[in-house]
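Heads up, the thing below is written out as structure tokens.
Values below: all heavy atoms of this structure, side chains included; hydrogens, waters and symmetry mates excluded. Per chain, numbering begins at 1; letters A, B, ... match sequence-line order.
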2 protein chains.
Amino acid sequence: MDALTINEAADTTGWSARMLRYIERIGLVEAPRSGSGYRLYGPAELQRLRTLRELLERHDVGLGEIGFALRLRRDRQLHDAVEAWFEAQPERPEHVPAADWLNWEQDKHERLLAAAGRTPDLMETR
Amino acid sequence: MDALTINEAADTTGWSARMLRYIERIGLVEAPRSGSGYRLYGPAELQRLRTLRELLERHDVGLGEIGFALRLRRDRQLHDAVEAWFEAQPERPEHVPAADWLNWEQDKHERLLAAAGRTPDLMETR
DNA sequence: AGAACCTTGACACGATCGTGGTAAGGTCCT
DNA sequence: AGGACCTTACCACGATCGTGTCAAGGTTCT
């Protein structure tokens, strides 16, 4: 009572055989193959397929997104880059030379962002 | 020399104004607004936009994927669920009653997966 | 007041995603 | 040997992604 072929696995997991192949191509749930190339789904794979389905439904995410999450776990390089990007809160230069502020009104192409992010209605004259 | 409006920001970052709005909608790089609703891009945002561009190009990922990464960081619930799914290596029952193995040949719908994942050519008679 | 911006919302369009189906060919069980 | 199943490779198709453009209306500058 162990390994099922793709259609059997499809029946018991709710996925279609077509989707099982797709899921495999994405890299999630890859079934081992028989000597002649048939996919063999054991309890482990069946379990993963069922929980995968639940995961998607419960959080409204797509296969591609989980596929990306997988890529993140495998490619540390990428993971770190993404993480670094999120982490990077480019320091807002604390020291804003007053001189720059004076030119402001004149330079059409360089407007000011009030203080540090919020703008106290500098632009509305009305 | 601080905050640019959307088209100016577009010019200096390489993105189009359209994309800046799109990027904002996804949740990456949200520009603060002026009193009248104009987006104001300060050095921080500009920096993020440039590095974002680099991130995408260098690792060949899409905005949607980074958007998903963002969702993962914000929704710990989801993050944990995904992590759990990947972690879950459903234990392959170590104890396989020999009896089950005997029925194998007979039960058309229940085939066996050799040992723990790899199948030693059980299915190829030739 | 008028030009030059900005904002949101809509229509559009090729590319990819998520699915299904079908064809051509190999494998397994009677 | 024949039927039922598997494999890969294609064609298809609606939905979303990534972009652009345009319209209608508000803001800012001169």
Rounding to a whole Å, what distance do you find between [X]:[atom1] and [N]:[atom2]?
| X | N | atom1 | atom2 | answer |
| --- | --- | --- | --- | --- |
| B:E8 | C:dA4 | CD | C1' | 12 Å |
| B:F68 | D:dG18 | CZ | C1' | 19 Å |
| B:I6 | D:dG20 | CD1 | P | 12 Å |

Between protein and nucleotides 12-22 of chain C, map the contacts as a letter string: B base, S sugar-phosphate only, - none, heavy atoms under 4.0 Å, written 5' to 3'. -----SBBBB-
Consider only side-chain N and O atoms of A:T51 and A:E54, and report whether a donor and an acceptor are under 3.5 Å apart. no
Heteroatom pairs (N/O) under 3.5 angstrom, protein to nucleotides 24-26 of chain D:
residue : atom : partner : partner atom : Å
D:dG26  : N2   : B:Y38   : OH           : 2.8

Think B:S34 has a side-chain N or O under 4.0 angstrom from the OP1 or OP2 of D:dT27?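 For B:S34, the contact criterion (side-chain N or O under 4.0 Å from OP1 or OP2 of D:dT27) is not met.
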For residues 59-71 of chain A, which side-chain N or O atoms pair as donor and acceptor with protein atoms under 3.5 Å away, sequence neighbours left out?
residue : atom : partner : partner atom : Å
A:E65   : OE1  : A:G62   : N            : 2.8
A:R71   : NH1  : B:D60   : O            : 3.4
A:R71   : NH2  : B:H59   : O            : 2.5

Could you list the residues that satisfy salt bridge (Lys or Arg N to Asp or Glu O under 4.0 Å) with [X], not counting sequence neighbours?
| X | answer |
| --- | --- |
| A:R39 | A:E24 |
| A:R25 | none |
| A:R74 | none |
| A:R53 | A:E57 |

List the residues meeting side chain to side chain contact (heavy atoms under 4.5 Å, CB included) with B:D75, not counting sequence neighbours, and say none if there are none.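 Expected list: B:Q77, B:L78.
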By side-chain hydrogen bond (donor to acceptor under 3.5 Å, both in side chains), B:E30 pairs with (sequence neighbours left out) none
